[in-house]
Colleague: 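So that we are looking at the same thing, I have put the structure below in structure tokens.
Per chain, numbering begins at 1; letters A, B, ... match sequence-line order.
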Amino acid sequence: PEPAFDGAIAAYLLNPGRTVYRIEDLAREFGLPEVPEGETPGAVAGRAGALLALRPALESALREAGLWSLFAEIEMPLVGILARMEATGIAVQREALEEMGRELEERILAVQQEIFQRVGYTFNLNSPKQLADVLFGKMGLPVIKRTKTGPSTDAEVLEELALQEPLVERILDYRTLVKLKGTYVDGLAPLIEADGRIHTTFNQTVAATGRLSSADPNLQNIPIRIEEGRRIRKVFIPGEPGWVLFAADYSQIELRVVAHFSGDEALLDAFRQDQDIHTRTAAEVFGVPMEEVTPEMRRRAKAVNFGLIYGQSDYGLARALGIGRGEAKEFIQRYFDRYPGVKAYMEQKVQEAREKGYVTTLLGRRRFLPEIHARTFAVRQNAERAAINTPIQGTAADLMKKAMVAICRRLDASGLRARLLLQVHDELVFEAPPEELPALYELVVGEMERALTLRVPLKVEAKVGRNWYEMEPYTP
DNA sequence: TAATTCCGA
DNA sequence: TTGCTTCGGAATTAG
Ligand SMILES: [Mg+2]
């Protein structure tokens, strides 16, 4: 059952940066008579009536802003899809999760012991302030950077300190273990419902760029980069005997969007040839054939590629790569020499934000950036980066949402039993009977790759596994 | 509630 | 001159 009109979704599209969605506030904004607050029957009925009155106002505003088709053809159909994903949930092996919790607890106690022993007394290791007192007071280590309130003890700082004080390595271990246990074991366990599954909430009106977000629990930030954390994924399993998990994710979606928007010849060429984009960038920037690109050259090129998506400055790149500002400036210079279309794109987006007050995505989603005119340098720069990043991140969101609607429509009509469980920005996760995999692959990968036609091909990679940890590449 | 820290795309 | 990478959610401390 698909709702036809959701006032919150409409208000979100008209201004995705808004934080208030109360009918009282919307009514005021759209010039309706004052609406009662409170929970008396009269007040509740008054708000229901106001919502009805808001509908034509919101619809007109959407049409005038060119947002109607995005609303009616993507966001509204998505409401029901997300509702079903939430209701379906994802199965979790409670026993395995609890076992991981016990192991982590043991290791945490051991590491904590070791740290207290070396320091000579106990303290609250979870308190950055107390930790700072130990590191920079008692142990006399150098302060690397400061927060608003005192010396920073974040991972970047600790990694530097670890070079001269081995104990700091244990503190980093402690942080990792506590994070895993607290957020991903103790955090998830109580959210397993009676059906053995975890049912997240997908927010459709939170992210200013058009992305979804996931909360209670957030299933879009389950660890993957570090092996220890990645093991958490073992507890996420198919919910039916013999079934498997199937995942499909866009490859380099944001850089492909940059290629499309900028029309930059070198970037277009790289994706049309399906080259490794970071290796190609390294070859361009360092002036060597792709075969001669070293891992270090590729690493730097990758940092430049990601930095560009975020509108990073030479200052920021220098810091990210641990090189001098001059050298970073040279990198960026050489990058823009090789990708002049990209530079033009970035300048154009900032200019557009200044002139119109907002930037847009491929499907017309808009984000207002009033701070583009701020007098304060840092505030204005932040808005300029958002002007560069939002069309990129938001267009990727457009693509994924459009694909989800198409996929679910076809899946419903297909008679397949496979179920969509999660969306993780550029990835969709399903559970399915293994015999459906060939059909599911064609359906999902096909719809994702053809969601929109860009000036470069869209590439989707599929994986299958008996849990979310053991995902292996899949081709039918 | 603010601040710090850290997990993901 | 300035400042230093986007978008999120969650746990914890401290007031
Ligand atoms: Mg990917």
Colleague: Applying a 4.0 Å non-hydrogen cut-off, can you work out what A:Thr176 is touching in the nucleic acid: base, sugar-phosphate, or nothing?
Modeller: nothing
Colleague: Charged N to carboxylate O below 4.0 Å: is that the case for A:Arg118 and A:Glu165?
Modeller: yes
Colleague: Among C:dC7, C:dG9, C:dT5, which nucleotide sits nearest the side chain of A:Val206?
Modeller: C:dG9
Colleague: Is A:Arg380 side chain donor-acceptor paired with the C:dG3 base, going by distance under 3.5 Å alone?
Modeller: no
Colleague: Looking at every heavy atom in both A:Asn221 and A:Tyr184, which two are closest together, and how far apart are they?
Modeller: O-OH, 2.7 Å
Colleague: Under a 4.0 Å threshold between the charged nitrogen and the carboxylate oxygen, would A:Arg365 count as salt-bridged to A:Glu75?
Modeller: yes
Colleague: I want to check a possible cation-pi pair here: A:Arg18 against A:Tyr21, using under 6.0 Å from ring centre and within 45° of the ring axis as the test.
Modeller: yes
Colleague: Can you list, by residue number, the residues of residues 451-468 of chain A that have a non-hydrogen atom closer than 4.0 angstrom to DNA chain C?
Modeller: none
Colleague: Under a 4.0 Å heavy-atom cut-off, which of residues 381-396 of chain A touch DNA chain B?
Modeller: none
Colleague: With heavy atoms under 4.0 Å as the rule, sort A:Ala397 into base, sugar-phosphate or nothing.
Modeller: nothing
Colleague: Distance to the ring centre below 6.0 angstrom and angle to the axis at most 45 degrees; does that hold for A:Lys459 and A:Phe271?
Modeller: no
Colleague: Measure from NZ or CZ of A:Lys234 to the centre of the six-membered ring of A:Tyr469 and say whether it is under 6.0 Å with the direction within 45° of the ring axis.
Modeller: yes
Colleague: Walking along DNA chain B from 5' to 3', note the first and the last nucleotide with an atom under 4.0 Å from a heavy atom of chain A, and give both.
Modeller: B:dA3 to B:dA9
Colleague: What integer distance in Å separates A:Asn203:CG from C:dC7:C1'?
Modeller: 13 Å
Colleague: In residues 331-370 of chain A, which ones come under 4.0 Å of DNA chain C, going by heavy atoms?
Modeller: A:Arg367
Colleague: Does anything in residues 300-312 of chain A pair up under side chain to side chain donor-acceptor pair (under 3.5 Å), and if so which pairs, sequence neighbours excluded?
Modeller: A:His278-A:Asn305, A:Thr281-A:Asn305, A:Glu296-A:Arg300, A:Arg300-A:Glu327
Colleague: Using a 4.0 Å heavy-atom cut-off, write out nucleotides 10-15 of chain C from 5' to 3' as B (base contacted by protein), S (sugar-phosphate only) or - (no contact).
Modeller: SSSSS-
Colleague: So that I know where these two stand, are A:Phe286 and A:Phe331 an aromatic pair - ring centroids less than 6.0 Å apart?
Modeller: yes
Colleague: Do A:Arg280 and A:Glu284 sit within salt-bridge range, that is, some charged N less than 4.0 Å from a carboxylate O?
Modeller: yes
Colleague: Can A:Lys463 and A:Asp249 be counted as an ion pair, charged N to O under 4.0 angstrom?
Modeller: no
Colleague: If you look at every strand shown and take non-hydrogen atoms under 4.0 Å, does A:Arg175 touch a base, only sugar-phosphate, or nothing?
Modeller: sugar-phosphate
Colleague: Under 4.0 Å between a Lys/Arg side-chain N and an Asp/Glu carboxylate O for A:Arg107 and A:Glu228?
Modeller: yes
Colleague: What does A:Ile222 touch in the nucleic acid at a heavy-atom separation under 4.0 angstrom: a base, only the sugar-phosphate, or nothing?
Modeller: sugar-phosphate
Colleague: For A:Ala318, report the nucleic acid contact type (base, sugar-phosphate, nothing); a contact means any heavy atom under 4.0 Å.
Modeller: nothing
Colleague: Could you give the CZ-to-C1' distance, from A:Phe306 to C:dC7, as a whole number of Å?
Modeller: 14 Å
Colleague: Kindly confirm or rule out a cation-pi arrangement of A:Arg366 over A:Tyr358, judged by NZ or CZ under 6.0 Å from the six-membered ring centre and within 45° of its axis?
Modeller: yes
Colleague: Ion pair present between A:Glu193 and A:Arg197, side-chain N to carboxylate O less than 4.0 angstrom?
Modeller: no
Colleague: Could you check how far CG of A:Leu219 sits from P of C:dG9, rounded to whole Å?
Modeller: 13 Å
Colleague: State plainly whether the residues A:Glu227 and A:Arg230 are in salt-bridge range, i.e. N to O under 4.0 Å.
Modeller: no
Colleague: Does a salt bridge link A:Asp25 with A:Arg22, judged by any charged N lying under 4.0 Å from a carboxylate O?
Modeller: yes
Colleague: Could you pick out which residue, A:Gln220 or A:Arg319, lies toward the 5' side of DNA chain C when each is mapped onto its nearest nucleotide?
Modeller: A:Arg319
Colleague: Between A:Arg338 and A:Asp264, does at least one N-O distance fall below 4.0 Å, as a salt bridge requires?
Modeller: no
